[in-house]
Structure formats: structure tokens, C-alpha cells
Amino acid sequence: MSSSIRSIAEVLSGAVEAGSTVTVRGWVRTRRDSKAGLSFVHLHDGSCFATIQAVVPNSLSNYPTEVLKLGAGCSVIVTGEVIATPGREQPCELRAAEVTVVGWVDDPETYPMAKKAHTLEYLREVAHLRPRTNTLGAVTRVRHCLAQAVHRYFHERGFFWVHTPIITAADAEGAGEMFRVSTLDTSNLPRTREGGVDHSKDFFGKPAFLTVSGQLNVETYAMAMSKVYTFGPTFRAENSNTSRHLAEFWMIEPEVAFNTLRENAALAEDFLKYLFKAVLTERHDDMAFFADRVDPDCVGRLERLVASNFEQMTYSDAIAALERSGEKFEFAVKWGIDLQSEHERWLTEKHVGRPVVVMNYPKDIKAFYMRLNDDDRTVAAMDVLAPGIGEIIGGSQREERLDVLDRRIAEMGLVKEHYWWYRDLRRYGTVPHAGFGLGFERTILYATGIQNIRDVIPFPRTPGHAEF
RNA sequence: UCCGACUUAGCUCAGUCGGUAGAGCAGGCGGCUGUUAACCGCCGGGUCGCUGGUUCGAGUCCAGCAGUCGGAGCCA
């Protein structure tokens, strides 16, 4: 018998002719027996949302001894003929001629992935087995689809992917707690004469940390390659325990020479639309599942986003709208405050009803590297706020004028010598430039309608949690 | 870190006025059926998060601790 190994996606897509013999390999999701002398075994292999139905006749020699004992989680190899089944719930099925059991489930009663609905909270406790579920399988395919779309989008537009460092020796942005990277023996630290830790004895000869952003590094490449981006892991040691934060997450940071804030906002909008279009066209099956079981509006929300223009408003206009709203906010609204979650939610969920780009924030609440506007009190910053998620993108036009940059560094109490190479970019052929950071997991949340960020990354790291 | 809620079978939950525990799903066995979230019947399965207190008696009331979830802050 000649047969070729195929993924379930290939077989179900019609790429395999009815009547041909194929071999599929995967894991059992359910088994149902019929007195007509056959069993229906549904298999998944991750290649698509759907399972394939193997119809196993009781004439197989291992039918009573093995096939009738198959349950959820068992791994099998099935060879058989592809049979078209028009009118049934699946386009085709596999008439099994041979079933080989590769791995049994030790104890079906305590197998954590029972043939039933599990809560996402429970599945986090069994993160090594949860990719076998419908939900995490769908998340995994959508995550992959989005990651591929990120690279495709930039590649097609002449951007270069720059691998900025994971380990950094400077608290560059002065933003957020950082994870320390050290090879020192913590139970026997080398000391300086003054009694402090002698960092010169450490691996890098000075304190080192995990990156909180690749932006400052990628700016150096924007000043040579024009259009660049980073896409990699990012680390924040903040003790934040929310459905939108991780200690280790992935971020996409494009940086474009000669771009203004307005062009930056246009890029962010075009980019997000491209990503969601990719999900809509490439992952119908998974999105249909999310619409059915997770969030009825998730497909409609993406379709509307792709078809409409983002609302743009200045920070000052946003404050004015909030003041006119008549809402009772916990935090009072007035020009100069940083927008609170409740304010962002009202803007994007109630006032606009779709993503909104807020631009030109007060300089005192934003980072030193953001370009000072002519009014001398705002900077060319932008946040893209999404309904249900909050801030999905944060970005700005960067300060390209050395004298202004130095003034901002001083105002914020930073030490300009620490930024010597960043300042060099302004000394040697400086140009206006702009970029932003997109939270990858938050993008997945928006696409799928899933509520908790821990459910859209394979192995979530949060305060107190680094299992698996 | 702060505020709030929750913690009972493998999972999701109910448990009245304080009187030593129940359902659905999952699992096992049987029945039925080209089934497809199958259906029907039977069975096994519990240190009621931990520690202490009140009480003749605590899953239930009180205190502390732990864990989980939600919200806030920080941000992506």
C-alpha cells in the first residue's frame, strides 16, 4: 500500500484527491463507537482548527484490543482512503485501513485535558498540555499568522529587521524596573572599599539588565538604513498583576528616518489594518471559533477596523472631550494629567467606538527623547488606544536637535554622559525620525477577543510565576 | 503594591436556619446508534485551601495566613 504522510489541514482542504490513500499522524480528541461495526475517531495535529474523522472498521486486527481503548490524548498514526462525504458535517473522512497507537494516556481519569470544556484559568496550570485544546491551538495559529504578517509587511516595504540586544548595560529610558543580569555569586558578593557591590567583577564589568525596549538601539540603524524595525522579547520587572501585563512579552518597534509624527500615525494605522486583514483572510477557521465561543464580535470588530479610518485627536482635544462628557471619573480630568485607564476606555469605547490615536501630550508626562513641539509644552507623542485593551501602541517623533535633547535630559534629571552614543546620532547627520512600539500580545488579544494576556503567550511570566 | 470577590469530587459549581456533603461534565462498565459537543442506564470518586478560635456540634460563624480571579497603579 502506497501512502503519503499528510497534515490534517491538507486532507481537509481538498488538496488530496478522494480515493487516494494517505497517512495522518496526531492525537485523539474523541472516539465514538457504532454497533454498525465501526468507530469514529477524531484526530487533531495542530495544522488547522478542524479535526479529521477516521472511520475505523472492527475488521482491523487491533480493533478490540486497542481501537476500543482509545481516548482523548492518545497519539496515533492512521492510514486509509480519503472518502468525500458531501452533506455530512465534514468535507471528507478517512476510511482507516491501519491504526497504530504510538502513545497511550496513562490514566484517562486524571488526564488533565478531559473531553470537556475547561476554563482558561485552569488551563494555565497545565500550560504544557493546553496547546492540545481548541482554544490554545487557535491562539497559536493566530499568533503565528500575525507574526508572519509583521515580517511580511515590513519586508514588502523595504524595512530591515534589526536584532537589537536582549542584554543591555544601561537603564536607557529610565522607565520601569529592569531584570538584572549577573554571574556574581549572590551569597558572596565582591565588595568595593566603600562596601558596595563591586560590579567591575561581574561578567560585563558593570551592571547589566534585560532590555525594556529596543528603541534606542534601533534608532542607530534608522540613521543608516532608513527604515528598520525590531521584533523580539522585552522584559519588565514591574510588580504589575493585570490581564494586560507580562514580565516577558514581545514587542514590535519600527523606526523610520525622515518621518514626522503624522507619518508615524499613518504607518501605525496601515500596519494594524494589514495585520488584521491577514488574520481575517488566513485564519477563517480559528476566527469562526473565537466568534462562536469567545467573543461574538471579534470578526465584525476586525472587519470594521480594516474598513474605517482611525480617529485622530490631540491630547488637548481629548481632555476637552473628557471634560464635556458628563461622566463621573474617579480621577479628575484636567490638562496636564496623564490619561487614566478609565479616561482611555471612555475615549475609545464610548466616545469613538474604535481605535483612537491621541497625539501631542504634555512634555512633563512623556519620555526625554520625544520631540518638543513649537508650543514648548507638548511633545510629538502618540498613543493608539483600542477598545477593551487600552494602549496598544505608544510612539513618538524623536528629538533630533541636540541642544533641545540635552535640555530635556537635564530637565528630567538624567545624566547626559550615559547617552553619549544616542547623542552622537544628533551630532553626525541628524534627521527627524519617528517610531512606535506595538505590544504583540495585546494585538492578539484584540484580534481574538480573549480577555487575559496570559492566554495568548505559550508560557506566561508574571510576578511569582515562571513555571514550565 | 493597593481595593474587592472567591477557594467544596479530575473539571465547573450548588450546599437553606450551624446538625459529619450533592449535581452536571469527565472517567469505568453496559445499552443504542453512520456517529460528529451523540444519547440512555449503572458505578467508583471528598483531609470542604491551611492554621487557630466560638460552639454539645463548623463546609456554614470569627481571626490570621496562603492561593486564584477581577479592578487600580505602571505600561506594550
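Below, all heavy atoms of this structure are taken into account, side chains as well, without hydrogens, waters or symmetry copies. Each chain gets a letter, A, B and so on, in the order its sequence line appears, and its residues count up from 1.
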[X] and [Y]: side-chain donor and acceptor closer than 3.5 Å?
| X | Y | result |
| --- | --- | --- |
| E253(A) | T230(A) | yes |
| W346(A) | S325(A) | no |
| T260(A) | E263(A) | yes |
| S39(A) | Y63(A) | yes |
| H42(A) | R32(A) | yes |

Without decimals, in angstroms, what is the distance between [X] [atom1] and [N] [atom2]?
| X | N | atom1 | atom2 | result |
| --- | --- | --- | --- | --- |
| F40(A) | U33(B) | CZ | P | 13 Å |
| K366(A) | C75(B) | NZ | P | 8 Å |
| R88(A) | U33(B) | CZ | C1' | 13 Å |
| M113(A) | U12(B) | CE | P | 11 Å |
| L68(A) | G27(B) | CG | C1' | 16 Å |
| F231(A) | A76(B) | CZ | P | 16 Å |
| W104(A) | G28(B) | CH2 | P | 11 Å |
| D383(A) | C74(B) | CG | C1' | 13 Å |

| query | Does S34(A) have a side-chain nitrogen or oxygen under 4.0 Å from the phosphate oxygens OP1 or OP2 of U33(B)? | reply |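 S34(A) to U33(B) OP1/OP2: no side-chain N or O under 4.0 Å.
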Between [M] and [N], how far apart are the [atom1] atoms? Round to whole Å, please.
| N | M | atom1 | value |
| --- | --- | --- | --- |
| C25(B) | U60(B) | P | 29 Å |
| C3(B) | U12(B) | P | 27 Å |
| U68(B) | U33(B) | P | 50 Å |
| U20(B) | G57(B) | C1' | 9 Å |
| A5(B) | C43(B) | P | 41 Å |
| C17(B) | C61(B) | P | 10 Å |
| C48(B) | A9(B) | C1' | 10 Å |
| G49(B) | C69(B) | C1' | 15 Å |

| message | Using the rule side chain to side chain contact (heavy atoms under 4.5 Å, CB included), only one of I52(A), V16(A), L94(A) pairs with R6(A); which is it? | response |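 By the side chain to side chain contact (heavy atoms under 4.5 Å, CB included) criterion, R6(A) pairs with just one of I52(A), V16(A), L94(A): V16(A).
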| said: Using the rule side chain to side chain contact (heavy atoms under 4.5 Å, CB included), only one of V356(A), V357(A), V358(A), D317(A) pairs with Q312(A); which is it? | reply: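 Result: among V356(A), V357(A), V358(A), D317(A), V357(A) is the only option passing the side chain to side chain contact (heavy atoms under 4.5 Å, CB included) with Q312(A).
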| field | Inter- and intrachain pairs under side-chain hydrogen bond (donor to acceptor under 3.5 Å, both in side chains), touching residues 64-78 of chain A, at least two apart | value |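 For residues 64-78 of chain A: N62(A)-E66(A).
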| task | Could you list the residues that satisfy ring pair (Phe, Tyr, Trp, His ring centres under 6.0 Å) with F289(A), not counting sequence neighbours? | result |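 In terms of ring pair (Phe, Tyr, Trp, His ring centres under 6.0 Å), with neighbours along the sequence ignored, F289(A) is linked to F49(A).
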Protein N or O to nucleotides 37-41 of chain B N or O, pairs below 3.5 Å:
{"residue": "A37(B)", "atom": "OP2", "partner": "E89(A)", "partner atom": "OE1", "Å": "3.1"}
{"residue": "A38(B)", "atom": "OP2", "partner": "R32(A)", "partner atom": "NH1", "Å": "3.2"}

| Side chain of K116(A) (C-beta onward), nearest among G34(B), C11(B), U36(B) |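 The answer is C11(B).
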| Proximity to the side chain of Y122(A) - top-ranked nucleotide from C11(B), A26(B), U36(B) |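 Taking heavy atoms from C-beta onward, the closest nucleotide is C11(B).
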| remark: Pairing string of RNA chain B (Watson-Crick or G-U wobble, both atom distances under 3.5 Å; | = paired to other strand) is (((((((..((((.....[..)))).(((((.......))))).....(((((..]....))))))))))))....
Using a strict threshold of under 4.0 Å (side-chain N to carboxylate O), is an ion pair present between [Y] and [X]?
| X | Y | result |
| --- | --- | --- |
| D338(A) | K366(A) | no |
| E255(A) | R398(A) | yes |
| R143(A) | E441(A) | yes |

Quick one: label [X] by what it contacts on the DNA or RNA (base, sugar-phosphate, nothing), any heavy atom closer than 4.0 Å.
| X | value |
| --- | --- |
| E93(A) | base |
| L246(A) | base |
| F249(A) | base |

| request: Assess whether side chain to side chain contact (heavy atoms under 4.5 Å, CB included) is satisfied between R124(A) and E467(A), documenting all intermediate values. | output: CA-CA 10 Å; R124(A) 280 173 219 149; E467(A) 292 303 311; over 6 Å; no
Pull out every protein N or O sitting under 3.5 Å from an N or O of nucleotides 44-48 of chain B, one pair per line with the distance.
{"residue": "G44(B)", "atom": "N2", "partner": "E109(A)", "partner atom": "OE2", "Å": "2.2"}

| field | Cationic tip of R157(A) above F271(A) ring, under 6.0 Å, 45° of axis | value |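 That pair does not qualify as a cation-pi contact.
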| query | Looking at Y369(A), does the NZ or CZ of R408(A) lie under 6.0 angstrom from its six-membered ring centre and within 45 degrees of the ring axis? | reply |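 No, R408(A) does not lie over the aromatic ring of Y369(A).
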| request: For R29(A) and N134(A), run side chain to side chain contact (heavy atoms under 4.5 Å, CB included): C-alpha distance rounded to whole Å, both residues' side-chain angles, the deciding distance at 0.1 Å, then the answer. | output: CA-CA 10 Å; R29(A) 186 152 276 146; N134(A) 281 330; 2.9 Å; yes
| task | Identify, between E391(A) and Q53(A), the residue whose nearest nucleotide on RNA chain B lies closer to the 5' end. | result |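 It is Q53(A), whose closest nucleotide lies nearer the 5' terminus.
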| For RNA chain B, whose closest nucleotide is more 5', that of H118(A) or that of D107(A)? |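 Its nearest nucleotide lies further toward 5', so the answer is H118(A).
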List, with names and distances, any nitrogen or oxygen atoms from the protein found under 3.5 Å away from nitrogen or oxygen atoms belonging to nucleotides 69-73 of chain B.
{"residue": "C69(B)", "atom": "OP1", "partner": "R124(A)", "partner atom": "NH1", "Å": "2.7"}
{"residue": "C69(B)", "atom": "OP1", "partner": "R454(A)", "partner atom": "NH1", "Å": "3.4"}
{"residue": "C69(B)", "atom": "OP2", "partner": "R454(A)", "partner atom": "NH1", "Å": "3.4"}
{"residue": "G70(B)", "atom": "OP1", "partner": "N452(A)", "partner atom": "ND2", "Å": "3.1"}
{"residue": "G70(B)", "atom": "OP2", "partner": "N452(A)", "partner atom": "ND2", "Å": "3.4"}
{"residue": "G71(B)", "atom": "OP2", "partner": "S243(A)", "partner atom": "OG", "Å": "3.4"}
{"residue": "A72(B)", "atom": "OP2", "partner": "R244(A)", "partner atom": "NH2", "Å": "3.3"}
{"residue": "G73(B)", "atom": "OP1", "partner": "Q340(A)", "partner atom": "OE1", "Å": "2.7"}
{"residue": "G73(B)", "atom": "OP1", "partner": "S341(A)", "partner atom": "N", "Å": "3.2"}
{"residue": "G73(B)", "atom": "OP2", "partner": "S341(A)", "partner atom": "OG", "Å": "2.8"}
{"residue": "G73(B)", "atom": "N2", "partner": "N239(A)", "partner atom": "O", "Å": "3.1"}

